[in-house]
Amino acid sequence: GLADARKGRKLAEAAVKMLPESGLAHYLYAYLTGLEAENDPLHGLELVPIIEREASLAAKFDPKINEAGPDRMLGELYLRAPGAPLSIGDLEKAAAHYRRAIAIAPKHTDNRLGLVETLLEEGEYEEACIHLHGLLSGMQPALASETTLNETLRLLKRLCSMRDSE
């Protein structure tokens, strides 16, 4: 819940002060701040700059954490946040961070799924189709989680309906 998220964020903030060059500490601070934002939608936008700063620092100090987690987190943040003037939402930045995450951890499916969703939002259907096809063709059904498979199929269905309506 919200209370646990706030407590976790305070602990992570303390860890960052003690270990200012720890990518893991910054990543946890960004992650727990995001958790607090999700649990407190009225104040969530106020926390966006903290998430952006801490994920950026995590990417700087240890970009490989959690299969390129800092760049994936930034991609998600720029994809989901409202655009200017309300917040920092920016599809180009989202795509750039997902591409960096893929360069660091090409086999991590969430990196590719994030890029596909961003490309769909940008209207880059052909490139989205190529990435989604690559993701599906490289997926081993027994190893892919049901959630990943369902999300991939959902995006493919969305992409196909967009291509048909052009």
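The structure presented is a predicted model; accordingly, all values stated were derived computationally and were not measured.
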With a 4.5 Å heavy-atom cut-off, do [X] and [Y] have their side chains touching?
X: Thr118; Y: Glu121; result: no
X: Ser22; Y: Val16; result: no
X: Leu115; Y: Arg112; result: no
X: Glu92; Y: Glu122; result: yes
X: Ile88; Y: Val48; result: yes

| task | Applying side chain to side chain contact (heavy atoms under 4.5 Å, CB included), run through Arg154 and Glu117 and close with a yes or a no. | result | CA-CA 10 Å; Arg154 182 188 72 76; Glu117 190 163 2; 4.0 Å; yes
| field | From Thr148 atom OG1 to Glu151 atom CD, the distance as rounded to the nearest 0.5 Å | value |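 Output value for this atom pair is 8.5 Å.
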| message | So, taking the atom named CG in Asp90 and the one named NE2 in His97, what distance separates them when rounded to the nearest 0.5 Å? | response | 9.0 Å
Is it the case that the side chain of [X] and the backbone of [Y] share a donor-acceptor pair, with hydrogens and angles ignored and the cut-off at 3.5 Å?
X: Asn39; Y: Leu35; result: yes
X: Asp62; Y: Leu24; result: no
X: Asp110; Y: Arg72; result: no
X: Tyr78; Y: Glu52; result: no
X: Arg9; Y: Ala30; result: no
X: His26; Y: Pro20; result: yes

| task | Say whether Leu119 and Ile102 are linked into one hydrophobic cluster, either directly or through other cluster members, by side-chain heavy-atom distances under 4.5 angstrom. | result |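 They do share one cluster, since a chain of ILVMFWY contacts under 4.5 Å joins Leu119 to Ile102.
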So does [X] pair up with [Y], basic N to acidic O under 4.0 Å?
X: Glu76; Y: Lys93; answer: no
X: Lys60; Y: Glu21; answer: no
X: Asp71; Y: Arg99; answer: no

| task | Begin from the C-alpha positions of Tyr31 and Glu54 and carry the test side-chain hydrogen bond (donor to acceptor under 3.5 Å, both in side chains) through to its verdict. | result | CA-CA 9 Å; Tyr31 178 83; Glu54 294 304 314; over 6 Å; no
| said: Walk me through whether His43 and Asp40 qualify under side-chain hydrogen bond (donor to acceptor under 3.5 Å, both in side chains). | reply: CA-CA 6 Å; His43 299 103; Asp40 189 4; 3.1 Å; yes
| task | Test side chain to side chain contact (heavy atoms under 4.5 Å, CB included) on His131 and Tyr98 and set out the steps. | result | CA-CA 12 Å; His131 282 282; Tyr98 280 123; over 6 Å; no
